[in-house]
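This report refers to the structure that appears directly beneath it.
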Amino acid sequence: MAIIKPNNNTISAITALPAGVGGKVLQVVSDTGAAYNQTNTSTSFVDVQKSGVTWEVAITPSATSSKIFGIVPVQFSFAGSDAQARITIAIQGKIGTGSYANLSESFTGLYDGGDQPDFHSCEPFQFLWSPNTTSECKVKIKFKNSYTSSNMTTAINSTNTNGTVISLMEVAG
């Protein structure tokens, strides 16, 4: 199929980027291993777990100029008797043995003025991280209730599906 440019000339499909040009995906790492129905009733962050420990997905860039593109859909739910349900989800990254820092954070909430029925949704996260390293880079998910007077429970993967996924791609810089 030819692509028509505004001046009616055709160009051929590009099959590879020229040498020295960034944007090529060099590797992909993905995991769907978050625990089913992990709940939190507090306003303090807790790590999403896998097999009883913090769920981390690691990727090691092949060059310091590489970037890490992340796609992280997080399946979550609310249940309880409060009129307001709010969750904050943070995607965090760390380099080597360093400390975690936020790569992306989102607040989701709903208000009903009465008892809340169970509510299920999926929050899509995307980020582009420039760690400037060839050391191992890890990504994890944290979540908390975001309403201090809430009688709510938030949960990750409450529908017993692998709806929460961490996919990391090393992109040539």
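Because the structure is predicted, anything quoted here is derived from the model rather than measured. What's counted below: heavy atoms across the whole structure, side chains too, no hydrogens, waters or symmetry copies.
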Common cluster, [X]/[Y], ILVMFWY with side-chain heavy-atom separation under 4.5 Å:
X	Y	value
Val29	Ile141	yes
Val28	Phe69	yes
Val139	Phe125	yes
Val165	Ile71	no
Ile95	Ile91	yes

Does a side-chain heavy-atom distance below 4.5 Å link [X] with [Y]?
X	Y	value
Phe127	Leu168	yes
Phe143	Thr88	no
Val46	Lys142	no
Trp129	Cys137	yes
Ile156	Gln75	no
Glu170	Ile59	yes
Thr154	Thr39	no
Lys94	Ser99	no

Qualifying residues under salt bridge (Lys or Arg N to Asp or Glu O under 4.0 Å), relative to Lys144, sequence neighbours excluded: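 So Lys144 forms no salt bridge (Lys or Arg N to Asp or Glu O under 4.0 Å) with any residue.
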
What distance separates [X] [atom1] from [Y] [atom2], expressed to the nearest 0.5 Å?
X	Y	atom1	atom2	value
Gln92	Tyr100	CD	OH	8.0 Å
Thr153	Asn145	OG1	CG	7.0 Å
Thr60	Ile68	OG1	CD1	8.5 Å
Gln38	Gln49	CD	CD	5.0 Å

Nearest heavy-atom neighbours spanning [X] and [Y]:
X	Y	value
Leu128	Lys67	CD1-CB, 3.8 Å
Lys138	Ala58	CG-CB, 3.9 Å
Ala172	Ser66	CA-OG, 4.4 Å
Ala155	Asn37	CB-OD1, 3.7 Å

Asn40 versus Ser42, side-chain donor and acceptor atoms under 3.5 Å: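 Yes.
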
Side chain to side chain donor-acceptor pair (under 3.5 Å) between Thr164 and Asn157, intermediate numbers included: CA-CA 6 Å; Thr164 301; Asn157 282 351; 2.8 Å; yes

